[in-house]
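Position 1 is the first residue of the sequence; numbering continues from there. Fair warning: this is a prediction, and the values are worked out from it, not measured in the lab.
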Amino acid sequence: MTDQPLNGPDAPSGCPVAHGGGDGLTRLYGPDAATDPIGIYSRLRKQHGPVAPVLLEGDIPAWLVLGYRENRRVLDNPRQFSRDSRIWRDWKDGRVESTSPLMQMVGWRPDCVSQDGEPHRRLRGAVTDNLQAVSGRGIRRHVTHFANKQIDAFVGRGSADLVAEYAEYLPMLVLTRVFGLAESEGRRLAESSAQVIKGGAEALIHNDRIMQILGELAERKRAEPGSDFTTGLLEHHADLDDDEILNHLRLVLITAHTTTSNLLARVLQLVLTDGNRLSGLASGQLNISAVVEEVMWNTPPLAVLPGRFATADLELGGHRVQEGDLLVLGLTAGNADPEIRPDVGISVHGNQSHLAFSGGPHECPGQNIGQAIIETAVDVLLHRLPGLRLAVTPDELTSTASTWEARLDRLPVEFTA
C-alpha cells in the first residue's frame with residue numbers, strides 16, 4: 001500500500017481526481033488496510049489534517065473525514081453533503097461500474113439512506129414507526145431464546161469461540177423472528193450480509209442472494225400478514241412501492257445484523273479482557289450500558305460510514321472539496337480526534353456524544369433494538385457459563401478490517417462445563 005501524501009500540508013488541495021488519478025494516495029482496502037486501520041488514520045491525520053484524500057475499492061477516489069467537528073458538519077448539513085449518490089461525479093462520468101462492489105455500499109437505492117428532505121422523511125417514517133412497533137414485541141424474549149439455543153451447542157465442552165459460535169449469528173437469528181423469516185435462513189443471511197460489507201468480488205452475488213430471500217418474504221407476507229416488521233412496511237400509510245419495501249428490508253437486515261454482531265463481539269472482548277468489568281457485571285454492580293458506551297467511543301461497529309456527496313464546491317478541513325466529490329466518514333477516527341480527546345485513556349462514562357450512531361437526519365433509528373440485543377446476550381451468557389474467562393492472552397486477539405469495519409477474528413473462552 002502506498003501512503004505518501006499526494007500534496008503536502010501547505011500545498012493547495014482539491015478533488016483527489018485532480019491529483020494524478022490516484023498515484024500516491026492511501027488505499028482504504030486490501031491486505032495492508034486490513035491489518036492496521038488505526039495506524040492509517042493516524043498517518044493520514046498527520047499528513048493531511050482532519051480531511052484526507054484516499055482510494056476506495058477499485059481505486060476510486062474519495063475524501064476520508066477524520067476530524068470530529070468535520071464529521072459533525074457533514075452529518076448535520078444534508079444540503080451541503082447529500083446522501084444522493086446520483087450527484088456523484090465519478091459515477092456520472094462512468095468511472096465506476098454498476099457491478100463495482102463499492103456500489104453495494106454507496107450506490108443509490110430507493111431507500112431512506114439514499115435520499116434527503118421530504119422523500120427521506122416519508123421513507124424513514126415507515127422504518128422508524130415499524131422498528132418502534134417490533135421493539136415492543138418481545139425483542140429481549142427472542143434474544144434470550146436464541147442466545148440459550150446458541151449456548152446449548154457448546155456449553156458441555158467447557159470452551160468456545162464467542163465470535164464464531166455466538167456473536168456472529170445471534171443478531172441475525174433475532175432478526176429472522178422480527179422480520180417473519182424462517183430461522184433456517186438466519187445463517188445464510190448472516191454470511192451474505194458480512195460479505196456485502198466486506199466487499200470484494202463476492203459482494204454482488206451475496207447481495208443478490210439477500211434480495212431473493214427478501215423478495216420471497218415480501219410475497220409471503222402480502223398473502224399472509226403477521227405482526228412483524230415486513231408486514232408493517234407493507235401496510236404502512238407511507239404507501240411504499242415494491243422496490244421501496246424490498247430495499248428497506250435489505251437496509252435494516254444488513255445494517256442491523258452487521259453492526260450489532262460486531263458491537264456484541266467488541267463488548268464481550270472488553271468484558272473478558274478486564275477482570276473488574278467481568279466481576280462487576282456478574283455481580284450486578286456494573287451496568288452493561290456503560291461498557292457498550294465505552295466500545296462505541298473506542299471501537300464503533302462501523303469504522304467508516306459511506307458516503308456523502310458534495311452538492312457544491314466548498315472548503316472542509318483546509319481542503320477544497322468539489323461538487324460531486326464522494327466523502328466517507330471516519331467514525332473511529334473522529335471519536336479519537338485529539339482535538340476533542342487529547343487523552344483517550346480518560347473515561348468517557350456518561351458521554352454519549354460519540355459518532356458511532358452517525359448523526360443528523362440519518363442517525364441510526366434502531367439504537368434501542370441493538371442495545372436490547374447486546375444487553376440480553378451478555379446477561380444470558382454470564383449466567384449460563386460459570387467461571388467464564390479468556391482462553392488466550394488479550395494481545396493474542398486479532399482483528400481484520402475492510403474499508404468500513406474492523407471485526408474481531410475470534411474470542412476463545414473457557415468456562416466450567
Side-chain angles (χ1 to χ4, degrees), residues 1-6 16 22-48 52-66 100-102 104-106 161-164 167-168 191 193-203 206 258-259 261-270 272-273 294-307 328-338 344-345 355-356 390-412:
M1 176 184 70
T2 55
D3 56 20
Q4 293 76 26
L6 200 62
D23 290 342
L25 290 184
T26 297
R27 290 183 173 88
L28 284 192
Y29 70 98
D32 293 324
T35 56
D36 187 24
I38 301 301
I40 289 175
Y41 305 151
S42 178
R43 289 195 299 274
L44 286 171
R45 197 191 304 273
K46 289 177 182 177
Q47 293 168 1
H48 301 284
V54 295
L55 295 174
L56 305 181
E57 190 164 0
D59 277 0
I60 301 301
W63 295 105
L64 173 64
V65 186
L66 299 158
S100 165
L102 195 57
Q104 302 307 317
M105 298 301 294
V106 303
D161 174 2
L162 293 184
V163 170
E168 200 70 19
E191 292 166 353
S193 296
Q195 190 62 58
V196 169
I197 298 288
K198 182 180 178 182
E202 298 296 309
H206 283 274
T258 54
T259 57
S261 63
N262 197 359
L263 183 57
L264 176 55
R266 293 298 187 179
V267 168
L268 291 171
Q269 177 189 13
L270 184 57
L272 289 164
T273 53
E294 189 172 346
V295 173
M296 287 292 196
W297 273 102
N298 296 326
T299 51
L302 273 184
V304 176
L305 180 71
V328 294
L329 304 175
L331 306 184
T332 297
N335 279 348
D337 185 350
V344 293
L355 298 168
L390 198 59
V392 297
T393 60
D395 59 8
E396 291 180 77
L397 298 176
T398 60
S399 301
T400 300
S402 67
T403 299
W404 314 109
E405 61 177 2
R407 297 187 80 87
L408 191 63
D409 295 322
R410 52 195 287 270
L411 189 61

To the nearest 0.5 Å, what is the distance between [atom1] ([X]) and [atom2] ([Y])?
{"X": "Leu302", "Y": "Thr403", "atom1": "CG", "atom2": "OG1", "value": "11.5 Å"}
{"X": "Thr26", "Y": "Leu55", "atom1": "OG1", "atom2": "CG", "value": "8.0 Å"}
{"X": "Ile60", "Y": "Leu28", "atom1": "CD1", "atom2": "CG", "value": "13.0 Å"}
{"X": "Ile38", "Y": "Thr35", "atom1": "CD1", "atom2": "OG1", "value": "11.5 Å"}
{"X": "Leu408", "Y": "Leu264", "atom1": "CG", "atom2": "CG", "value": "10.5 Å"}
{"X": "Lys198", "Y": "Glu57", "atom1": "NZ", "atom2": "CD", "value": "10.5 Å"}

Side chain [X], main chain [Y], donor-acceptor under 3.5 Å:
{"X": "Thr400", "Y": "Ala34", "result": "no"}
{"X": "Gln104", "Y": "Gly199", "result": "no"}
{"X": "Asn335", "Y": "Met296", "result": "yes"}

Close side-chain approach of [X] to [Y], heavy-atom, < 4.5 Å:
{"X": "Leu397", "Y": "Thr273", "result": "yes"}
{"X": "Leu162", "Y": "Leu272", "result": "yes"}
{"X": "Thr259", "Y": "Glu405", "result": "no"}
{"X": "Met105", "Y": "Ile197", "result": "yes"}
{"X": "Pro53", "Y": "His48", "result": "yes"}
{"X": "Asp36", "Y": "Asp32", "result": "no"}
{"X": "Leu331", "Y": "Trp404", "result": "no"}

Can you see which heavy atom on [X] is nearest to which on [Y], and at what distance?
{"X": "Ala401", "Y": "Ala33", "answer": "CB-O, 3.7 Å"}
{"X": "Leu411", "Y": "Asp161", "answer": "N-OD1, 2.8 Å"}
{"X": "Ala203", "Y": "Gln195", "answer": "CB-O, 3.9 Å"}
{"X": "Arg266", "Y": "Ala406", "answer": "NH2-O, 3.0 Å"}
{"X": "Thr332", "Y": "Asn298", "answer": "CG2-O, 4.3 Å"}
{"X": "Tyr41", "Y": "Ala303", "answer": "OH-CB, 3.7 Å"}

Residues in salt bridge (charged side-chain N to carboxylate O under 4.0 Å, His left out) with Arg45, at least two apart?
Asp337
Going by the side chain to side chain contact (heavy atoms under 4.5 Å, CB included) test, name the single residue among Val304, Val65, Leu66 that passes it with Leu329.
Val65
Using distance alone, with no hydrogens and no angle criterion, decide if Arg407 and Thr258 have a side-chain donor and acceptor under 3.5 Å apart.
no
